[in-house]
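Read through the structure below, which is laid out as structure tokens, and then see the notes.
Keep in mind that what you see is a predicted model, and the values were worked out from it rather than measured. In the text below, chain A, chain B and the rest are named by the order of the sequence lines, each starting its count at 1.
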There are 2 protein chains.
Amino acid sequence: MVRPVKKKQIPNLQEAIKETAWKQIAEFGTPALSLRAIARELKITAPAIYNYFPDRDALVTALIIDAYTSFGDSQIEARDAVKGDNDLARLLAIGLAYRNWAHTHPQRYQLIFGTPIPGYEAPKMEVLPSAARSLSALVSIVEKLRVAGKLKITTFPRVKKEYQESFEIWKKYGGDADLLSMSVAMIIWSRVHGIVSLEIANNLPPFGSNGDELYMYEMNSIAKQFFTE
Amino acid sequence: MVRPVKKKQIPNLQEAIKETAWKQIAEFGTPALSLRAIARELKITAPAIYNYFPDRDALVTALIIDAYTSFGDSQIEARDAVKGDNDLARLLAIGLAYRNWAHTHPQRYQLIFGTPIPGYEAPKMEVLPSAARSLSALVSIVEKLRVAGKLKITTFPRVKKEYQESFEIWKKYGGDADLLSMSVAMIIWSRVHGIVSLEIANNLPPFGSNGDELYMYEMNSIAKQFFTE
DNA sequence: CACTGTAAATATACAGTGTTTATTTACTCT
DNA sequence: AGAGTAAATAAACACTGTATATTTACAGTG
């Protein structure tokens with residue numbers, strides 16, 4: 001047997017490969033990702049995968065983009081779930097959703113923000129649209145608060161000139177916003193990421209009865225330092 | 001030829017293996033670490049390594065402990081280089097040394113705090129002594145400031161009961177300190193790690209002409225929020 | 001000095017990986 | 001009906017970590 005008839009083939013093999021990849025990542029961890037193992041489970045041969053992804057890194061890139069999209073969805077949902085005009089409540093909702101998503105999908109989180117794949121480096125330009133979108137919820141709220149005059153700070157270290165250009169690309173996919181807002185969003189992100197990444201790597205003991213009090217403390221610090229009311 | 005005479009052997013092969021490992025990590029990145037490649041460079045066979053490390057993970061663990069030690073050295077040096085009794089200056093010195101070490105040895109930083117080795121998970125109990133020591137400089141200064149009455153805050157989320165025990169072990173290697181001081185040290189650590197890990201993974205554009213102004217901003221925020229004077 | 005036991009290296013082999021090449025087949029279009 | 005194309009397989013290559021058996025260099029002892 002060389003090639004099964006279409007009826008016995010898996011429809012939408014491209015999607016099936018990604019699904020199987022996620023399944024195996026969830027079960028055996030990100031670094032155990034193996035093309036041959038995926039092929040085995042799908043009952044195809046390994047080189048068949050090359051019809052859908054030029055190499056393993058391309059598959060990883062596709063997974064990362066999917067992860068960013070899922071992550072971004074949860075951020076945007078959290079923002080839009082808050083009714084009324086309390087944008088500080090929205091900021092908090094986004095922050096909680098961030099940690100929640102990371103704890104629900106620790107492997108995906110590490111896939112995006114860590115470097116768990118041997119020799120893999122993400123191709124910036126391919127990933128950027130979904131990456132920018134995933135942080136757009138945070139940026140949009142900081143920007144709204146700034147426009148409403150609720151941003152406490154007015155000056156901030158500026159990004160190096162040669163990088164301001166990449167901010168422009170960022171805006172294209174992450175939504176327009178003032179440079180100040182984007183910078184504040186980034187420092188908020190760095191704080192949130194600091195806690196979450198240490199938690200996920202098991203380097204932080206859980207503070208509070210549910211392990212989330214340290215995080216709430218930090219959410220509060222952020223609100224107090226950067227915003228009024 | 002089966003076994004070279006001693007004169008032609010490499011003295012202290014255990015150290016030589018680690019050195020070669022670091023060399024290759026620096027050159028080709030952490031995930032490319034390969035026992036066979038190390039053996040090739042040392043002109044021995046791969047199984048010979050097993051006389052010194054039971055498996056690849058044991059070698060990685062040894063590397064991690066060395067990295068923690070080097071990192072801890074730089075932290076302690078930075079603390080002790082500040083003369084006089086200005087402990088806030090010491091805190092800043094430690095913070096700057098943190099970022100500096102990470103940028104000088106990005107692969108070591110990722111080796112310690114990321115998860116760049118396929119399938120590897122650090123054995124907590126083996127690594128803890130050097131890990132605890134590496135943060136002891138920060139803890140000691142926070143504790144000094146607390147004793148001097150310069151700690152602004154007096155309450156903080158408490159660590160889950162079942163984890164307070166691990167804090168006790170921590171004290172054994174990281175120096176005695178109040179639980180409050182250790183908790184404050186941890187949140188400071190999480191903020192610093194947040195920025196540095198994003199910087200190293202190339203996920204943050206450089207703020208300021210030298211790329212360090214965002215970090216200075218954060219150092220300032222920490223000092224202002226947690227300490228007086 | 002000869003002998004023996006041990007420790008450290010090699011040689012070989014196994015199962016796994018990503019990837020390349022050539023080949024075969026199923027399906028589509030003219 | 002026949003030709004062309006796309007998608008799969010088969011086989012092979014160069015790697016990887018690791019286990020086993022074997023060989024050898026050296027240290028210690030009678």
(request) Figure out the CG/C1' separation between Leu13(A) and dT9(D), and round it to whole Å. (result) 14 Å

(message) For dC27(C), give the paired nucleotide (Watson-Crick: N1-N3 plus N6-O4 or O6-N4; G-U: N1-O2 and O6-N3; both under 3.5 Å), or none.
(response) dG4(D)

(message) Using the side-chain heavy atoms of Tyr50(B), tell me which of these nucleotides is nearest: dT9(D), dA9(C), dT18(D).
(response) dT18(D)

(request) With sequence neighbours excluded, give me every salt bridge (Lys or Arg N to Asp or Glu O under 4.0 Å) pair touching residues 37-54 of chain A. (result) Lys23(A)-Glu41(A)

(message) Over 60° means perpendicular and under 30° means parallel, so tell me whether Tyr217(A) and Phe156(B) are parallel, tilted or perpendicular.
(response) tilted

(request) Taking side chain to side chain contact (heavy atoms under 4.5 Å, CB included) as the test, write out the residues that go with Tyr173(B), two or more places apart. (result) Leu128(B), Pro129(B), Ala132(B), Ile169(B)

(message) I need the CD1-C1' distance between Ile44(B) and dT24(D), as an integer number of Å.
(response) 16 Å

(request) Check the distance between dG16(C)'s C1' and Ile38(A)'s CD1 and give it to me in whole angstrom. (result) 15 Å

(request) Check the distance between dA9(C)'s P and Ile17(B)'s CD1 and give it to me in whole angstrom. (result) 8 Å

(request) Counting heavy atoms from C-beta on, name the nucleotide in dT19(C), dT10(C), dA10(D) closest to the side chain of Ala48(B). (result) dT10(C)

(message) Using whole Å, what does the distance between atom P of nucleotide dA7(C) and atom CD of Gln14(B) come to?
(response) 16 Å

(message) Can you classify the ring geometry of Tyr68(A) versus Phe113(A) as parallel (below 30°), tilted (30 to 60°) or perpendicular (above 60°)?
(response) perpendicular

Would you list the protein and nucleotides 12-16 of chain D atom pairs, both N or O, that sit under 3.5 Å from each other?
unit_1  : atom_1 : unit_2   : atom_2 : d
dT16(D) : OP1    : Ser34(B) : OG     : 3.2
dT16(D) : OP1    : Arg40(B) : NH2    : 3.1
dT16(D) : OP2    : Arg40(B) : NH1    : 3.3

(request) Can you tell me which residue pairs pass the salt bridge (Lys or Arg N to Asp or Glu O under 4.0 Å) test with a partner in residues 65-79 of chain B, sequence neighbours excluded? (result) Lys18(B)-Asp66(B), Asp73(B)-Arg133(B)

(message) Quick check for you: among dA11(C), dT9(D), dT18(D), whose closest atom lies nearest to any side-chain atom of Arg56(B)?
(response) dT18(D)

(request) Return each pair, listed once, that meets side-chain hydrogen bond (donor to acceptor under 3.5 Å, both in side chains) where at least one residue sits in residues 181-190 of chain B; pairs must be two or more places apart or across chains. (result) Tyr98(B)-Trp189(B), Glu143(B)-Ser181(B), Arg146(B)-Ser181(B)

(request) Take the protein atom CZ of Phe53(B) and the nucleotide atom C1' of dT18(D), then report the distance between them rounded to whole Å. (result) 16 Å

(request) Keeping to residues at least two apart or across chains, list the salt bridge (Lys or Arg N to Asp or Glu O under 4.0 Å) pairs with something in residues 190-212 of chain B. (result) Glu218(A)-Arg191(B), Arg99(B)-Glu199(B)

(message) Using whole Å, what does the distance between atom P of nucleotide dT18(D) and atom OH of Tyr52(B) come to?
(response) 18 Å

(message) Between P on dA11(C) and CD1 on Ile49(B), what's the gap in Å once rounded to a whole number?
(response) 15 Å

